[in-house]
Amino acid sequence: MMIKEELGKKLLFFDGGMGTLLQAKGLKPGELPETWNAGHAEEVIGIHQAYIEAGSDIILTNTFGANALKFHDSSHPLKEIVCAAVQNVKEAVRRSGVGRKVYTALDVGPTGKLLKPMGDLEFEDAYEAFRQVMAYGEEAGVDLIHIETMSDTYELKAAVLAAKENTKLPVFATAIFDDRKKLLTGADVPAVVSLLEGLRVDALGINCGLGPEQMIPVLDELLSYASVPVIVKPNAGLPRQRGNETFYDVLPEDFAGTMKQIVEKGAAVIGGCCGTTPDHIRYMADYCRHIPLKPMEKKSYTIVSSYGQAVVFGADSKIVGERINPTGKKKFRQALKDHDLDYILKEGILQEENGAHILDVNVGLPDIDEKAMMVEAVAGLQSVTSLPLQIDTVDIHAMEAALRIYNGKAMVNSVSGKQESMDTVFPLIARYGGVVIGLTLDESGIPNTADGRVKIAEKIIREAEKYGIEKKDIVIDVLAMTISSEPHGALVALEAIRRVRKYLGVHTILGVSNISFGLPCRPILNSNFYTMAMYNGLSAGIVNPSSDEMMEAYHAYHALLGLDENCSAYVEKYASHGPRNAVRSASGQTGNASGSGGNVSGVGSAGNAAGFGNSSEGMNLKTVIEKGLKEEAHHITESLVQVQEPLEIINTHLIPALDHVGKGFENGSVFLPQLLMSAEAAKAAFSVLKERIADSGEQAEKKEKVVLATVKGDIHDIGKNIVKVLLENYSFDVVDLGKDVPPETILKTVKEQDIRLVGLSALMTTTVASMEETIRLLKKEVPECKIMVGGAVLNQEYADMIGADFYGKDAMQSVYYAQGLGTEKSKNPQ
Amino acid sequence: MEQLKKEAVRYLVYGKNAVDAQTLELIEESFMNLQSAAGRKSIYRIFDLSLAGKENIRFGNLEVKSKSLGKNLLGCDKIVLFGATLGVGVDQLLFRTSKTDMARAVVLQACAAALLEEYCDACQDEIAEELKREGRFLRPRFSPGYGDFSIEYQRNVIRMLDSAKTIGLTITDSMMMVPSKSVTAVIGASTLLIHCHRQGCEACGKKDCIYRRQENLP
């Protein structure tokens, strides 16, 4: 008998807690329970046997924490631990002699480490740790893999992927939700369900963290989104402390009573977690054995997700931000060539603040390594925004690499009706999950009738079925052809959208602005067409969320169609704007995406266009920068460049202001937040001047490059970021390598870009060692390169000891040092 | 809230100087942002404590050698292991902010530090309440890294609390806690009530620290 034959047809019982029972038998706090598989096999077998006799159908091996990250010394070889654990379950089954099938499940818990970007564990290292233990488990003869107690979707993905790609075993996966129905790293129920079902687990659910009663609201939501059988394994209530003892407060009979309710609601596999005992399981099995299993219904929600949230497609229309795309954007192309990741991240943050629900990510340029850049952009964006991403590329390798490291269930742009496209893209969706955009074009091009486009959509849906990809995971893009060359371009697209929604029952998406290509005042056409498309059933528009016209169309449509309850989103957005004419001019000032970065903080004084005029009245640029007024600095510079040369502005305003503030910081009259506010204001002004210089076609001055890095092992980089802002103000081109940077990476960058100054930061005594190692490597390989260091635990003496050329006790000191080294021209601000 | 703001200002190294209005506004906004970003979680466990000599400390399965901790625990027969965190949401917010506005990021980080301390104090008050019922009184909490209590013990405390699983508090290979706004500590419990007016900052021997609390200020 295989478990898949019974799963979902018959109620299955897991076992209960292991840790608490082992502790009762003498396991010490902090001692690894897995070491008992060999050393105290009898105790472990005894516990398994008690659960089997209590009624458990599935017994978990005592391998919760068995992975190479915890077991890496030779005293407890991982393979032996796993083998012994599996043997213990089999022995317990033999001894108990019950006449029913008892399944052995390999128990896989979290690594105990947090994955990057928050922690220091690489996704692929987590994957490898899981792969290893799973391979041992399969070899030792387990019937299934049970991944549990996960509190991070990224680690969950690594574990499920490892199981799917390396074993043939059925995979169960459960996570810890808290009373807000979220994982510790932020994911909600639909985000977890869509991720796991995208990866094609056999059953999913919730365990640990909560007692049975508290799990019910989470269960309700799980049941409303999940299509596969749902697992529920609560703790025996909440942990309480009595003297030195931790105990759980729900007694076996009460536990069983709630579990009965849980089965009646629709759970298909139940058991216990921390604090539950064979008694809990016995009562539970007795209470629940005869309840008929509620069949699971297939759900048809289209869901994309990230680590922190899910976007569920519905009656309203979603905004997919289109700005992360080099097509037709000179500055973006330059940023890609310069490897300026921050530019992309800021573009992402700005679109989120302007109302995007999903971000399209396209980094394709002929002369860059698109795969590497795509992976970096996706990982980078997922460290600054929890919006789901839409991976947009024609490079199948870039697509696969991005889908693999993506934290969540991504949107994929795109597959077409061409056989070759479907043959390459669908296997990736089947493997990693995802919602894929189907373009209605095929080998013979784009049909010029709605009929033709709908037929291709049908073909895409049919072909996807062969890969087990359901209709809900396909969103059709019927393509908008510009009306300047195709007079019926809009009509055909609108009709195709209507039919795809109505007759094929799938969601739709469209790059809206194509419609106006080649015509003047495009926003007029775009926004009106956008409204029409939504009215005909457009589920998501790929648009520019910074465009006032598009957002007006969006909000008006939702308010008018009763999709914006109490018109609250509309009112929030436009109530303060007064008469319509004021809308554009006011939001034009705050919604400006032109790269100052001045408006992306999302909170604070930005957005008060009226107040701005007053507050800075009578102030010149120098004063505004000294006061650290970022918005004002941006606007004043914009009017100043109309009458003054950029260089003159720099010499009469920017340099004196920065000098003034810098001196103030040194003599203790200006404090760090103020120094940085001025720096940010100066940055806003510089960005206006930079654009002006670029527009005039003048060659910008070549700037001195400085590498900054927080050393390997160190993940606190606020100090380094402070130095970066200031150095940039003083005309240095900062190559920011980020945090946790290996010495080799720093050396490679120094060599490749011919760098003469490196700044290193370290926060703790434990990471100064790695700073020293970095310095040693640089001094050996590139002795002419200077090294400055800073960080909380450092001082002059320490810096000398580890061989640094300069110790910067604060950020300004590093600027002065860099200036002293540089050529004459870099002694002045930009 | 006033106390929180004061602490944030101290972390921003204003010393005895008055904070400017703009920074104060950033501080207020930062605390507001932290309200939604912070997912406060904590855990503690109590162990029997045995002390031998001035520096040999034993609890659970662990033996610690530390003079400064020994001094802190003198007269105690129980020890509370404590872990608390503001969660990854704060790290995410900090990282995002550092991409767009460093002044705000620096203020946010100071506010988060102040919020964490306040949260730990509140947790400690609750634990004190609990232990008072058994007639025990708490000493000031003491973290790995204080004095000669090696920072390496962070790993033991984290493991004994099973804090990765229970509150999501983990540690990197180089002994950095993730989420970054987290605390591990031990707290001695004694049947004798000793008034410890010197707490945390003031008890530290590093008198020239730029973050040192100004004792004469209200």
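Residue numbering restarts at 1 for every chain, and letters A, B, ... go by the order of the sequence lines. Worth saying up front: this structure is predicted, and the values here are computed from it rather than measured.
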Determine whether [X] and [Y] make a side-chain contact, defined as any pair of heavy atoms from C-beta on separated by less than 4.5 Å.
| X | Y | value |
| --- | --- | --- |
| Met175(B) | Thr765(A) | no |
| Arg45(B) | Pro29(A) | yes |
| Val178(B) | Lys113(A) | no |

Which distance, rounded to the nearest 0.5 Å, do you find between the CZ of Phe95(B) and the CD1 of Ile715(A)?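 Between atom CZ of Phe95(B) and atom CD1 of Ile715(A) there are 11.5 Å.
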Tell me, with the steps shown, if Gln22(B) and Leu629(A) meet side chain to side chain contact (heavy atoms under 4.5 Å, CB included). CA-CA 9 Å; Gln22(B) 254 174 293; Leu629(A) 304 169; 3.5 Å; yes
Could you walk me through whether Thr767(A) and Met176(B) pass side chain to side chain contact (heavy atoms under 4.5 Å, CB included), step by step? CA-CA 9 Å; Thr767(A) 52; Met176(B) 294 197 152; 4.1 Å; yes
For [X], is it the side chain, the backbone, both or neither that has a heavy atom under 4.5 Å from a heavy atom of chain A?
| X | result |
| --- | --- |
| Thr172(B) | both |
| Leu26(B) | side chain |
| Asp48(B) | both |
| Glu134(B) | side chain |
| Leu131(B) | neither |

Heavy-atom cut-off 4.5 Å, strictly under: side chain, backbone, both or neither for [X] against chain B?
| X | result |
| --- | --- |
| Ile176(A) | side chain |
| Asp178(A) | side chain |
| Ile718(A) | both |
| Leu32(A) | side chain |
| Thr185(A) | both |
| Thr385(A) | both |
| Glu352(A) | side chain |

So which of Glu152(B), Met102(B), Met160(B) has the largest heavy-atom pair count under 4.5 angstrom toward chain A? Met102(B)
Specify which of Ile46(B), Asp20(B), Thr170(B) makes the most heavy-atom pairs with chain A at under 4.5 Å. Ile46(B)
Checking side chain to side chain contact (heavy atoms under 4.5 Å, CB included) against Phe671(A), which of Asn17(B), Val13(B), Leu12(B) comes through? Asn17(B)
Step-by-step side chain to side chain contact (heavy atoms under 4.5 Å, CB included) determination, Lys41(B) to Leu184(A): CA-CA 10 Å; Lys41(B) 283 194 162 63; Leu184(A) 273 178; 3.6 Å; yes
Considering all heavy atoms of both residues, which atom of [X] and which atom of [Y] are nearest to each other, and what is their separation?
| X | Y | value |
| --- | --- | --- |
| Ser174(B) | Asp714(A) | OG-N, 4.4 Å |
| Thr100(B) | Lys630(A) | O-NZ, 3.2 Å |
| Ala103(B) | Pro673(A) | CB-O, 3.7 Å |

Does a salt bridge link Lys165(B) with Glu148(A), judged by any charged N lying under 4.0 Å from a carboxylate O?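 Looking at Lys165(B) and Glu148(A), the cut-off is not met.
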Given side chain to side chain contact (heavy atoms under 4.5 Å, CB included), test His716(A) with Gln109(B) step by step and report yes or no. CA-CA 11 Å; His716(A) 292 192; Gln109(B) 121 101 19; over 6 Å; no
Less than 3.5 Å apart, any donor N or O on the side chain of Glu31(A) or Asn61(B) sitting next to an acceptor on the other?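 The answer is no; no qualifying pair exists.
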Would you indicate whether Arg159(B), at its atom CZ, is surrounded by more than 12 heavy atoms from other residues, nucleotides or ligands within a distance under 6.0 Å?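 Open: at most 12 neighbouring heavy atoms sit under 6.0 Å from CZ of Arg159(B).
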